[in-house]
Amino acid sequence: MKKIVGLGLASITAMTALQAAENLSSMFSEGQASGQIREFSISRSVEDTRSSKSDYTRKANAIGGHLKYETADFKGLSFGTAFYTTNGFALDDPRDDYTKVDPTLLGPDNKSYSILGEAYLQYKLGNTAFKGGRQKLNTPMAGADDARMLPNLFEAYVLSNTDIPDTTLVVGHVTRFAQGTFGRVYNGGILSATSGYSAVDSRDQVGVFKNMGGYAVGENTAGISVASATYTGLKDLKVQLWDYYAHDILNAVYADVSYGLELGAIKPFVAAQMIKENSAGDKLLGNLGGDGEIDSLYWGAKAGLKVENFTAYLAYSQTGSNAAGDAVYANAIITPWGGMPAYTQGMVTRHMFLAGTKASKAAAAYNWKTFGPDLNTVLYYVNFDMAENNGYTENDAGEAGFDIIYNTGFVKNLQLRLRGNFTSDFYVKETDADVTLNGAVSWDEYRFIVNYNF
């Protein structure tokens, strides 16, 4: 999972990297083009023991990426734009049969699509920076979640300041959201809303900029107002505090503290995180049923160590449980705009935000550079112990997996990646009155990804 990067830090980095132009003409002539070409292949073999269901294997292949142009900086002002595209190939027929064609690489009905994903202006004056328009965000509760072909994108207006030493302050407002391809693995409902996507439709609201509330709960709102502070003034200590006010839906507070030590060759580290959500305004979560009230708490902790090129950690998290009769979201963590900061998420399984879930994760990684190749390998296992009344599943679920990342030396900026995840009891129902739901869903999934950056 990518490290969380603050809105302000990302904006400032982008701006300071730009070349200063002498006049308006050179502002454009001295601009820079960049991008990525991506090929993605995925195969998932599903074992479905629910009544009236059957096993299947679904696959997909796509090629695409993005092309970006950013002007040079003229008196603090610059502009940027980026075009994104994904195009399927070698797909089974019919391509809109999701037991044959995996839905996470393309748009509605598994069709190819393209989008003008970024179109923004930036302005920097001293230690203050502004970025407004279509852009990519990576924040704890609203992020790109670039896990398949195309990322989530946003229309946002962000102001950041670093006048206070070792502190980045950010205020912003996000008005629209363009879901990327990964969210299509869900199709609305509580699992989608707790896994980063729409509670009403994450299958077909893809590649189009939608109102934040309309996308999430089916009713337009004034968007999300954001404020944050990040402090890094003490060695190896980082403290983040974020507040997201999703107008007429909920208010979410995210806090994260991480600290590392150096004890010779051994470098232990610890971290803790917390999310608190409460209803706001017209409580439009009620569009999903119930009264729209949410009063949820999630907390997580992580501890690990680094020894030269080896890193390992253990993590644990917990959410409050729903009582019988509660709305399914009452004690869940709702994050429908791509945000996924949990220490205990799997590569696919994101049950840790469902109400009444105790999740634990073990992971280890090794970088093989000492032996020559620029190769990283990761192994992990995560378990989800789930209470009743969460609105989706019962009992435990588990996921094991690996990630192999090879930055080739024979072609500069070419990366090859092989990932696998193996779930057990991803979905379980044992007592539902509808016997067609009784049973469990598990799978083995492999992904091969080629990234070429330029």
Side-chain angles (χ1 to χ4, degrees), residues 1-6 138-147 182 191 193-197 228 230-232 236-242 244 252-261 267-277 296-306 310-321 331-335 337-366 376-387 390 396-403 405 419 421 423 426:
M1 177 182 176
K2 294 182 178 179
K3 294 182 179 178
I4 300 300
V5 180
N138 281 300
T139 82
M141 302 296 287
D145 203 5
D146 192 11
F182 173 65
L191 182 65
T194 55
S195 297
Y197 295 95
S228 78
T230 301
Y231 176 73
T232 57
D236 300 317
L237 175 70
K238 183 176 183 179
V239 181
Q240 299 181 72
L241 182 64
W242 294 77
Y244 301 78
V253 175
Y254 176 83
D256 188 293
V257 179
S258 60
Y259 182 67
L261 293 171
K267 299 177 181 179
F269 59 87
V270 293
Q273 61 182 182
M274 182 274 294
I275 303 171
K276 183 72 180 76
E277 293 189 342
S296 59
L297 176 67
Y298 161 96
W299 64 270
K302 178 167 66 173
L305 56 82
K306 297 180 181 179
F310 176 77
T311 303
Y313 70 85
L314 298 173
Y316 177 86
S317 69
Q318 186 171 327
T319 56
S321 298
N331 287 283
I333 297 299
I334 305 299
T335 176
W337 301 286
M340 190 44 55
Y343 300 155
T344 52
Q345 66 165 300
M347 189 183 299
V348 171
T349 317
R350 295 178 170 183
H351 291 358
M352 67 278 136
F353 284 164
L354 290 168
T357 300
K358 299 175 181 177
S360 55
K361 182 178 182 179
Y366 189 78
N376 290 281
T377 54
V378 179
L379 296 172
Y380 71 90
Y381 176 75
V382 58
N383 181 76
F384 303 90
D385 180 3
M386 291 168 289
N390 65 22
D396 290 359
E399 180 187 322
F402 68 85
D403 196 358
I405 305 170
R419 311 185 80 187
N421 63 85
T423 70
F426 181 89

Where [X] and [Y] come nearest, the two heavy atoms and their spacing:
X: I333; Y: S296; value: CD1-OG, 3.5 Å
X: S317; Y: M352; value: OG-CB, 3.8 Å
X: A397; Y: N383; value: O-OD1, 3.4 Å
X: V378; Y: A365; value: CG2-CB, 3.8 Å
X: G338; Y: D145; value: O-CB, 3.7 Å
X: Y381; Y: G398; value: OH-CA, 4.0 Å

Is there a donor in the side chain of [X] and an acceptor in the side chain of [Y], or the other way round, less than 3.5 Å apart?
X: Y298; Y: E277; value: no
X: Y254; Y: Q240; value: no
X: Y244; Y: T139; value: yes

Roughly how far, to the nearest 0.5 Å, is [atom2] of [Y] from [atom1] of [X]?
X: D385; Y: Q318; atom1: CG; atom2: CD; answer: 9.5 Å
X: D396; Y: M386; atom1: CG; atom2: CE; answer: 6.5 Å
X: L379; Y: F402; atom1: CG; atom2: CZ; answer: 9.0 Å
X: N331; Y: L297; atom1: CG; atom2: CG; answer: 9.0 Å
X: M141; Y: M340; atom1: CE; atom2: CE; answer: 8.0 Å
X: F353; Y: L191; atom1: CZ; atom2: CG; answer: 12.5 Å

Does [X] reach the main-chain N or O of [Y] with its side chain, forming a donor-acceptor pair under 3.5 Å?
X: T319; Y: L354; answer: yes
X: H351; Y: G346; answer: no
X: E399; Y: T349; answer: yes

Side chains of T377 and D403 in contact at under 4.5 Å (non-hydrogen atoms)
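Heavy-atom side-chain distance check fails, nothing below 4.5 Å.
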
Side-chain heavy atoms of V257 within contact of L237, under 4.5 Å: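 SC-SC contact between V257 and L237 confirmed.
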
| Does the ring center of W299 lie less than 6.0 Å from the ring center of Y316? |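 So the answer is yes for these two rings.
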
*Would you find more than 12 non-hydrogen atoms of other residues, nucleotides or ligands less than 6.0 Å from K267 atom NZ?*
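No, because the 6.0 Å sphere around NZ of K267 holds 12 heavy atoms or fewer from other groups.
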
K361 NZ/CZ over Y343 ring centroid, <6.0 Å and within 45° of normal: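 Not satisfied by the 6.0 Å and 45° rule.
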
Given side chain to side chain contact (heavy atoms under 4.5 Å, CB included), test F269 with T311 step by step and report yes or no.
CA-CA 10 Å; F269 59 87; T311 303; 4.1 Å; yes

